Amino acid sequence: MAFTGTRAVPAAAAAAAAATLRGAPVAEPREAIRVDSHLDGGQERALADDVLDGLTRPFKELPPKHFYDARGARLFDRICELPEYYPTRAERAILEQRAGELAASTGAVELVELGSGTAAKTRVLLDALHAAGTLRRYVPFDVTESMVRDSARRLTAEYPGLQVHGVIGDFERHLDRVPRAVGPRIVAFLGGTIGNFPPGSRRRFLRQLARLLGDEDFLLMGTDLVKDPRVLEAAYDDAEGVTAEFNRNVLLVLNRELGADFDPADFDHVALFDREHEWIEMRLRARRELRVNVADLDLLVHFDAGEELRTEISAKFTPERLTGDLAAAGMQMAAWMTDPEALFALTLSQRS
Ligand code: SAH
Ligand code: AVI
């Protein structure tokens with residue numbers, strides 16, 4: 001845990017903001033930042049459990065949250081810039097068009113962001129809340145510690161007077177650690193990350209999200225939409241091979257964290273659109289028969305030649321699917337916003 005002070009230092013914040021405008025390095029206004037970590041070794045246990053469970057199943061599988069070590073996070077940032085990966089650009093375009101309206105209609109004084117990453121698109125919302133004169137606090141919540149700490153530092157320097165209360169944790173286990181609201185708030189879950197849950201867990205997770213919402217609060221969620229499978233598959237199998245590297249990176253995480261001896265070069269990247277379930281599946285396919293040792297788990301894993309390990313599903317939505325999921329979780333949609341090509345949707349919902 002780094003900083004727990006809460007006193008505001010307007011002079012320091014203003015100086016930092018002026019320095020940012022000049023492009024100079026800034027002294028961080030520490031007192032505006034608080035970061036709580038709930039991982040403390042627990043994440044290694046969670047990884048070990050997931051690996052033991054996932055690599056001993058008849059169809060091998062790993063949850064996508066383990067992609068995001070520092071290298072994985074950098075690779076994800078590169079994915080967001082790829083010509084084939086449209087979701088980031090489309091979601092940003094919607095935010096740019098609608099942020100003012102969102103700020104006015106919600107009257108939010110704080111923004112809680114789950115899976116906040118580098119908070120790149122978040123600035124569009126923070127700008128709108130700042131311009132509306134309501135912005136008081138930002139709560140970035142992510143499993144990757146460096147991203148929470150970096151965005152806390154940067155954003156307190158960029159927005160004078162902003163309080164940042166970062167939460168380093170797993171949103172599947174630590175949602176109850178989101179700090180108590182300081183006023184009406186927006187809970188943002190951007191990037192289409194909700195699509196990484198399979199349908200049953202998705203509804204369960206949405207129910208937990210609904211419990212975070214008070215009467216004046218809104219869920220702002222980004223969802224990728226069903227479209228031409230060729231467009232979808234290209235977005236997850238780019239020509240430069242960045243997504244393939246991101247996919248294989250999970251093997252390096254297992255090598256480092258659990259003493260495994262995967263050679264990523266033994267695996268091909270696979271991305272296919274499952275037309276029945278309307279989700280993208282990313283897999284790693286063994287190029288030959290393999291025996292992999294996961295030393296810390298005393299586990300020997302056998303792969304047949306051509307055997308696949310599923311590393312991610314990324315569900316694509318229709319308005320009906322989303323309305324159904326929200327209703328099952330006790331929420332109702334207040335606004336449905338898309339980009340001009342209807343590639344991606346941003347929705348605002350409230351507890352019903
Ligand atoms: N919101 C950003 C980042 C999306 S990438 C955007 O829209 O571009 C998904 C983010 O969610 C990553 O930063 C990853 O570290 C985080 N994440 C994934 N699973 C998580 C979990 N179970 N708990 C907390 N954060 C998680
Ligand atoms: C974060 N998540 C929603 C991304 C997605 O599109 O499912 C992760 C990603 N996987 C491959 N490319 C991007």
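Nothing here was measured: the structure is a model prediction, and the numbers come from that model. Indexing begins at 1, ligand by ligand and atom by atom, following the structure's order.
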Which residue and heavy atom of the protein sit nearest [atom], plus the separation:
atom	answer
atom 1 (N) of ligand 1	G115 O, 2.8 Å
atom 8 (C) of ligand 2	E312 OE2, 3.5 Å
atom 19 (N) of ligand 1	K65 CB, 3.3 Å

Can you confirm whether the side chains of [X] and [Y] place a donor and an acceptor under 3.5 Å from each other?
X	Y	answer
D224	Y86	yes
D274	H277	yes
D69	N249	yes

- Of the backbone atoms (N, CA, C, O) and the side-chain heavy atoms from C-beta on, which set of F171 has a member under 4.0 Å from an atom of ligand 1: side chain, backbone, both, or neither?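 Both of them.
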
For ligand 1, which is the ligand I care about here, please tell me if [X] has any N or O atom under 3.5 Å from one of the ligand's N or O atoms.
X	value
C80	no
V143	yes
D142	yes

- Query: If you measure from each heavy atom of T88 to ligand 1, is any distance below 4.0 Å?
  - Reply: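 No, T88 has no heavy atom closer than 4.0 Å to ligand 1.
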
If the cut-off is 4.0 Å to any non-hydrogen atom of [X], which atoms of ligand 1 fall inside it?
X	answer
G169	23 (N), 24 (C)
K121	6 (C), 7 (O), 8 (O)
G191	7 (O)
T193	4 (C), 9 (C)
G117	13 (O)
D170	21 (C), 22 (N), 23 (N)
T144	15 (O)

Given that the side chain starts at C-beta and the backbone is N, CA, C, O, which of these parts of [X] lies under 4.0 Å from ligand 2, counting heavy atoms, or is it both or neither?
X	answer
Y85	side chain
Y68	side chain
I280	neither

- Task: Please state whether G195 comes within less than 4.0 angstrom of ligand 2, counting heavy atoms only.
- Result: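 Heavy atoms of G195 never come under 4.0 Å of ligand 2.
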
